[in-house]
**Q** 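Take this structure first; my questions come after.
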Amino acid sequence: MSLRINDVVPDFEADTSQGPIRFHEWIGDSWAILFSHPKDFTPVCTTEFGAVAKLNAEWQKRGTKVIGVSVDGVEDHKKWTNDIASFAGCDVGFPIIADEDLKVAKLFDMLPAEAYLPDGRTPADSATVRTVFIIGPDKQLKLAMTYPMNVGRNFAEVLRALDALQTAGAKGVATPADWTVGEDVIIPPTVSDEDAKAKFGEYETVFPYLRRTKLPE
């Protein structure tokens, strides 16, 4: 069964570059981002880990923990972290899960149940392990994005999506295409005009089903 939006994500124990964790316990009351990679010491993934490291202050501002997962072991993760830090010009403050047995990749439906890694494996053997999962404090999956190996992920978009998820959940609104913090939001169709007026004050009716408003300060 595929992992779907609003499913509680699997809990698991794993070794990481920063020591052992139990996933749900590690998340705690925070938001969390799990982003996966097919193998250490690969070029696109090195740039991605660097991008995530540079955004450390932004993740903290949003009460969000980030954690990577790759199919290599802890010692390789620690060595790779040195390359990432050198490339990014900053410390790598987040852990990387060692998923040598593919347990996490299979729990999160990134690989078929019968998948295994042969000796002398290459990134192609775990190519589908290239997904971003945004998880709420309730441990439910809020968003997932999957990329091929030859396209680097846009972590500015991950950050924007995180803002949208947190705003929509906290304020009872929806966000339009390309929305960023401070822009107008959408009043859900389930909210009556009377309730919308009481909650948001003035709003713009584009169509009966599309109403825009600013969030109250």
Side-chain angles (χ1 to χ4, degrees), residues 9-10 12-28 30-108 110-111 115-135 144-162:
V9 300
F12 58 85
E13 293 181 349
D15 289 330
T16 81
S17 57
Q18 296 182 2
I21 64 164
R22 177 176 283 278
F23 191 51
H24 283 197
E25 183 180 284
W26 176 82
I27 294 173
S30 301
W31 285 72
I33 294 176
L34 172 69
F35 62 109
S36 56
H37 300 264
K39 192 168 174 59
D40 293 358
F41 305 106
T42 50
V44 173
C45 296
T46 300
T47 66
E48 291 178 330
F49 267 83
V52 172
K54 289 178 180 178
L55 290 170
N56 181 57
E58 298 299 325
W59 307 128
Q60 290 186 6
K61 189 187 304 182
R62 292 158 175 81
T64 300
K65 297 178 178 179
V66 295
I67 189 166
V69 57
S70 178
V71 300
D72 290 314
V74 167
E75 291 309 310
D76 277 341
H77 288 353
K78 290 179 179 178
K79 293 174 185 175
W80 187 30
T81 295
N82 293 330
D83 287 354
I84 297 163
S86 175
F87 177 81
C90 64
D91 291 337
V92 179
F94 55 86
I96 309 172
I97 295 166
D99 194 31
E100 293 179 280
D101 60 1
L102 301 179
K103 178 175 71 175
V104 177
K106 292 177 182 180
L107 282 173
F108 280 76
M110 292 183 275
L111 286 172
Y116 71 99
L117 290 180
D119 292 338
R121 62 186 184 262
T122 71
D125 296 308
S126 49
T128 57
V129 187
R130 286 272 298 156
T131 307
V132 177
F133 300 93
I134 301 182
I135 302 159
M145 311 176 190
T146 302
Y147 287 69
M149 283 198 305
N150 58 355
V151 177
R153 284 169 276 195
N154 183 336
F155 283 93
E157 165 57 15
V158 176
L159 199 66
R160 189 203 71 83
L162 176 63

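Numbering of residues begins at 1 and proceeds along the displayed sequence. Computation of the quantities below employed the complete heavy-atom set of this structure, encompassing side-chain atoms and omitting hydrogens, waters and symmetry-equivalent molecules.
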**Q** Check Ala105 against Asp99 and note the closest heavy-atom contact, atom names and distance.
**A**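 Heavy atoms of Ala105 and Asp99 come nearest at N-OD2, 2.9 Å.
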**Q** Just by distance, no angles: are the side chains of Asp72 and His77 close enough, under 3.5 Å, to form a donor-acceptor pair?
**A** no
**Q** Does Trp80 have any side-chain hydrogen bond (donor to acceptor under 3.5 Å, both in side chains) partners at least two apart in sequence or in another chain, and if so, which?
**A** Thr46
**Q** Can you sort out the partners of Val66 under side chain to side chain contact (heavy atoms under 4.5 Å, CB included), two or more places apart, ordered by chain and number?
**A**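 Counting only residues at least two positions away or on another chain, Val66 forms a side chain to side chain contact (heavy atoms under 4.5 Å, CB included) with Ile33, Phe35, Val52, Trp59, Phe94.
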**Q** Ser36 side chain to Thr131 main-chain N or O, any donor-acceptor pair under 3.5 Å?
**A** yes
**Q** With Glu13, which residues qualify under side-chain hydrogen bond (donor to acceptor under 3.5 Å, both in side chains), at least two apart?
**A**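 Arg22.
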**Q** Before giving the answer on side-chain contact (heavy atoms from CB on, under 4.5 Å), spell out for Leu102 and Val71 the whole-Å C-alpha distance, their side-chain angles and the decisive distance to 0.1 Å.
**A** CA-CA 7 Å; Leu102 301 179; Val71 300; 3.6 Å; yes
**Q** Show your reasoning for whether side-chain contact (heavy atoms from CB on, under 4.5 Å) applies to Val9 and Phe133.
**A** CA-CA 10 Å; Val9 300; Phe133 300 93; over 6 Å; no
**Q** State which residues pass side chain to side chain contact (heavy atoms under 4.5 Å, CB included) with Gln18; sequence neighbours excluded, sorted by chain then number.
**A**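 Side chain to side chain contact (heavy atoms under 4.5 Å, CB included) list for Gln18, sorted by chain: Thr16, Pro95.
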**Q** Would you say that Ile67 contacts Trp26 through its side chain, given a criterion of any heavy-atom pair below 4.5 Å between the two side chains?
**A** yes
**Q** Would Val132 and Arg153 satisfy side-chain contact (heavy atoms from CB on, under 4.5 Å), going step by step from the backbone distance to the final call?
**A** CA-CA 9 Å; Val132 177; Arg153 284 169 276 195; 3.5 Å; yes
**Q** For Glu58, which residues count as a side chain to side chain contact (heavy atoms under 4.5 Å, CB included) partner, sequence neighbours excluded?
**A** Leu55, Lys61, Arg62, Leu159
**Q** Counting only heavy atoms not in Lys79, do more than 12 fall under 6.0 Å of its NZ?
**A**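 Atom NZ in Lys79 is not packed in, count stays at 12 or less.
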**Q** Could you pull out all residues at least two apart from Arg160 that satisfy side-chain hydrogen bond (donor to acceptor under 3.5 Å, both in side chains)?
**A** Glu157
**Q** Leu34 vs Ile97, test: side-chain contact (heavy atoms from CB on, under 4.5 Å). Steps then yes/no.
**A** CA-CA 10 Å; Leu34 172 69; Ile97 295 166; 4.0 Å; yes
**Q** Quick check against the 3.5 Å criterion: does Asn56 have a side-chain atom that pairs as donor or acceptor with the backbone of Gln60?
**A**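 Not a single qualifying donor-acceptor pair exists.
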**Q** Donor-acceptor pair, distance only, cut-off 3.5 Å: does the side chain of Asp83 make one with the backbone of Phe41?
**A** no
**Q** List the atom of Ala53, the atom of Asp91, and the distance in Å for their closest heavy-atom pair.
**A** CB-O, 3.7 Å
**Q** Please report the interatomic distance OG1(Thr81) to CG(Asp40), rounded to the nearest 0.5 Å.
**A** 8.0 Å
**Q** On a heavy-atom basis, which atom in Ser17 and which in Lys78 lie closest, and how many Å separate them?
**A**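 So the two residues come closest at O-CE, 3.6 Å.
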**Q** Could you check if a side-chain atom of Ile134 sits within less than 4.5 angstrom of a side-chain atom of Val158, using non-hydrogen atoms only?
**A**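 Ile134 vs Val158: side chains touch.
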**Q** Do you know which two heavy atoms are closest between Lys65 and Ser30, and how far apart they sit?
**A**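 It is CE-OG, 3.6 Å.
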**Q** Taking side chain to side chain contact (heavy atoms under 4.5 Å, CB included) as the definition, give me every residue that meets it alongside Ala51, ordered by chain and number, with sequence neighbours left out.
**A** Phe155
**Q** Under the ring-ring contact (aromatic ring centres under 6.0 Å, His included) rule, collect the residues that match up with Phe12, sequence neighbours excluded.
**A**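 If we apply the ring-ring contact (aromatic ring centres under 6.0 Å, His included) test to Phe12, skipping adjacent residues, the hits are Phe23.
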